[in-house]
Amino acid sequence: MADTALSVTSAMSRGTGGGLPEHLVQAGLLDEKSLAEAVKGAREAHQNLVTYLVGRNLVDSRELATAAAALFGTPVMDLDALVVDLDVVRLVPEKVLAQSRTLPLARRGRRLFVAISDPTNLHGLDEIRFSTAMQVEPIVVEDDKLQRALARVLEQFDTSMRSLGEGDLDLDLEKLDTSGGDEIDAESSPRDEVEDAPIVRFVNKVMLDAIRRGASDIHFEPYEKTYRVRLRIDGVLKELAQPPVQLATKLSARIKVMARLDIAERRVPQDGRIKMRLSKTRSIDFRVSSCPTIFGEKVVMRILDPSSAQLGIDALGYEPFQKELYLANLKKPQGMILVTGPTGSGKTVSLYTGLNILNVEDTNISTAEDPAEIILPGVNQVNVNPKVGLTFAAALRAFLRQDPDVVMVGEIRDLETAEIALKAAQTGHLVLSTLHTNDAPQTLTRLVDMGVKPYAIATSVSLIIAQRLARRLCPHCKQTLDIPADALLREGFTQADIDAGMTIFGPTGCSHCTDGYKGRVGIYQVMPVTETIGRLIMEGGNAITISDQARREGVWDLRTSGLNKVRNGLTSLAEVNSVTIE
């Protein structure tokens, strides 16, 4: 048996150009029998030995990388701790990059530092050296991290439009099932006006990549000498690609064709909609907004996933007592529930989650929105159109003549809309709507400032939800932070929290997340308008007095809710500080 293992080891040493297999046995990472089986398995799977061992968890990837680096005298680094420079990666042709199983990391003059998981992969290093005519310096990294990083880079290569004129296109990307506008009219469709297949492929690829990465918005931005595409992921913009600036007009025209907008009109903003059907059971809507800038049209696409309304209230991040308050007020036959917060704070998802709970056979629900962001079967949704006189107020008047049980107004923007909505809430209807204010108490004073009578507010509004979205810490890489007790007390934590051994986590960053965060979690202030708060409103109380009373009644403000998310390890203190006021 020993002779067999030694012969296999010798063969592998010759096959890979070094004594790495034998070194793994000597280092105690692998026994001779397991090595022999791995060599055979790698040959049958047409994989190199390192990838085979790591992929089947036969050897820990970090220990293997350390052993390989020690054997060949090369440095070893943690690839997750490095930022991959795409400009350096682009020094190597895409095809060579995929075949060589290496990743360029940095350039110093004529020296190119390359990440590699198997130092015996001399053929891959030679390919890099030949294609770049540079001196290649290998750096050993963990194989699993290298494979993930390569996959991400190659995907960005695919989205970079480097091969726009080559014609080697993916037919599926050209023939995605998309439709635009509110009414489909095949005869009037201007699709034929843009037939540039590479442009079609690129736009479709960007849209699919945004969906896959969980982005909320796509920004197509023209500048004087550059053009960039950015995705908003977990509330933060990240650059995706930089197509040639000469294609700016074609890109905006293609998107406008998909959204059924006027491609000849470039002087005024336009709004449209695109529906992309991913399968028989799932489709994604995109709300498209074009805006003329000095260097061309900027186009922003808001991604509207109908499945977000199906998440359920438990997935939104409400504290248990906050959830109970929301559900209790949704069960009331009348009254008004207001959701407040800045743009992009998740107000729509909170409202639609409530509508989804109310959407049963015996309930008539009507909504007026600008525009309807998520399509809910069973709900009568109206897009307001001020140009033809269909305002929020006009839609509300129409709803009240159609026997409604629940009415949702996209946003209360003026006194007329506010008064009609409040009257509806007073006359046996449940009304849901949004406002743009900083917190729940300010919502009440904002209505007074708009001209609404204080007694109407006190008798109509039943619940106010203020909210923010904070990035959720990645569970794979979040790390414990050592923060002094006095600093924690200044942030708002209590001495009891510190005495209980509270653990504070911070972001690190790995292949599973973006800068240490993955997804977002809601931070809420849920304030019922109680009899005492209603009396304060009618007495002309300001936001400060209302806030003090709410706190006495046990209402958590946004800061308290955010600190509780930190206490539970869901987000970081820095993230809460960025979305709430200390």
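These values consider heavy atoms only, across backbone and side chains, with no hydrogens, waters or symmetry-generated copies.
Between the CZ atom of Arg472 and the SG atom of Cys513 there is a distance of 13.5 Å, given to the nearest 0.5 Å. Of the inter-residue distances, the one linking Asp482 atom CG with Thr503 atom OG1 reads 10.5 Å to the nearest 0.5 angstrom. We find the OG-CZ distance between Ser289 and Arg302 to be 10.5 Å, quoted to the nearest 0.5 Å. Taking CZ of Arg232 as the reference point, atom CG of Asp234 lies at 11.0 Å (rounded to 0.5 Å). Atom-to-atom distance recorded for Thr480:OG1 and Phe505:CZ is 4.5 Å, nearest 0.5 angstrom. The CG atom of Leu558 sits 11.0 Å away from atom CG of Leu563, with the distance rounded to the nearest 0.5 Å.
Between the side chains of Arg559 and Asn577, at least one donor-acceptor pair of N or O atoms lies under 3.5 Å. Using a 3.5 Å distance cut-off with no hydrogens or angles, the side chains of Arg201 and Asn204 do not pair a donor with an acceptor.
Between the side chain of Arg110 and the backbone N or O of Ala133 there is at least one donor-acceptor pair closer than 3.5 Å. Checking side-chain atoms of Lys347 against main-chain N and O of Gly341 turns up a donor-acceptor pair under 3.5 Å. Using modelled atom types, one side-chain atom of Gln467 and one backbone atom of Gly346 make a donor-acceptor pair closer than 3.5 Å. In this structure, the side chain of Lys478 does not engage the main chain of Thr571 through any donor-acceptor pair within 3.5 Å. With hydrogens and angles disregarded, no donor-acceptor distance shorter than 3.5 Å links the side chain of Asn356 to the backbone of Tyr352. Using modelled atom types, no side-chain atom of Arg62 and backbone atom of Leu64 make a donor-acceptor pair closer than 3.5 Å. Side-chain atoms of Glu575 do not come within 3.5 Å of backbone N or O of Ala470 as any donor-acceptor pair. Formation of a donor-acceptor pair under 3.5 Å by the Asp285 side chain with backbone atoms of Lys275 is not found in this model.
Ile504 places a side-chain heavy atom less than 4.5 Å from the side chain of Phe493. Counting heavy atoms from C-beta on, the side chains of Arg567 and Asn564 come closer than 4.5 Å. Between Pro507 and Ser572, some side-chain heavy-atom pair lies under the 4.5 Å cut-off. The shortest distance between side-chain heavy atoms of Glu142 and Asp78 falls below 4.5 Å. By the 4.5 Å heavy-atom criterion applied to side chains, Ser117 and Lys145 are not counted as neighbours. Between Leu105 and Leu79, some side-chain heavy-atom pair lies under the 4.5 Å cut-off. Side-chain atoms of Tyr517 and Leu473, non-hydrogen and from C-beta on, do get closer than 4.5 Å to each other. The side-chain heavy atoms of Leu261 and Ile255, taken from C-beta on, include no pair separated by under 4.5 Å.
When the ring-ring contact (aromatic ring centres under 6.0 Å, His included) test is applied to His476, the partners found at least two apart in sequence or on another chain are His512. Judged as a side chain to side chain contact (heavy atoms under 4.5 Å, CB included), and not counting sequence neighbours, the contacts of Val245 are Tyr227. Tyr318 is linked by a ring-ring contact (aromatic ring centres under 6.0 Å, His included) to Tyr326, Tyr524, counting only residues two or more places apart in sequence or in another chain.
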TODO: Would you check, one step at a time, whether the test side chain to side chain contact (heavy atoms under 4.5 Å, CB included) holds for Arg254 with Ile263?
DONE: CA-CA 8 Å; Arg254 171 58 189 165; Ile263 62 173; over 6 Å; no

Task: Asp209 vs Leu240, side chain to side chain contact (heavy atoms under 4.5 Å, CB included): CA-CA, chis, key distance, verdict - done: CA-CA 9 Å; Asp209 196 48; Leu240 177 69; 3.2 Å; yes

Task: Evaluation steps, side chain to side chain contact (heavy atoms under 4.5 Å, CB included), between Met207 and Ile274 - done: CA-CA 11 Å; Met207 293 167 69; Ile274 300 171; 4.2 Å; yes

Open item on the list: For Leu251 and Ile199: C-alpha separation, side-chain torsions, deciding distance, then whether side chain to side chain contact (heavy atoms under 4.5 Å, CB included) applies.
Closed with: CA-CA 7 Å; Leu251 287 170; Ile199 297 293; 4.1 Å; yes

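Nearest heavy atom pair, residue Thr508 against residue Cys477, reads OG1-O, 2.7 Å. Considering every non-hydrogen atom in both Val229 and Pro243, the closest pair reads CG2-CD, 4.1 Å. Between Val521 and Gly317 the shortest heavy-atom distance is CG2-CA, 4.1 Å. The minimum heavy-atom distance between Ala215 and Ile303, with the atom names listed, is O-CD1, 3.4 Å. The nearest pair of heavy atoms linking Thr293 to Pro222 is OG1-CG, 4.0 Å. For Thr102 against Leu150, the heavy-atom pair with the smallest separation is O-CD2, 3.4 Å.
Under the 4.0 Å criterion applied to side-chain N and carboxylate O atoms, Lys565 and Glu319 are assigned as salt-bridge partners. Between Glu297 and Lys256, at least one side-chain N (NZ, or NE/NH1/NH2) sits under 4.0 Å from a carboxylate O, which counts as a salt bridge. The pair Arg287-Asp271 fails the salt-bridge criterion, with no side-chain N (NZ, NE, NH1 or NH2) lying under 4.0 Å from an Asp/Glu carboxylate O. With salt bridges taken as basic N to acidic carboxylate O contacts below 4.0 Å, none links Arg101 and Asp143. Of the charged side-chain nitrogens involved, at least one lies within less than 4.0 Å of a carboxylate oxygen, so that Lys238 and Asp515 count as a salt-bridged pair.
Around the OH atom of Tyr223, the shell of radius 6.0 Å holds more than 12 heavy atoms that belong to other residues, nucleotides or ligands.
Of the listed residues (Val236, Ile218, Val300, Leu237), just one forms a side-chain contact (heavy atoms from CB on, under 4.5 Å) with Arg230, and that residue is Leu237. The only member of Gln242, His219, Glu221 that meets side chain to side chain donor-acceptor pair (under 3.5 Å) when paired with Arg228 is Glu221. For the side-chain contact (heavy atoms from CB on, under 4.5 Å) with Met134, the lone residue among Arg111, Arg129, Arg108, Arg107 that qualifies is Arg107.
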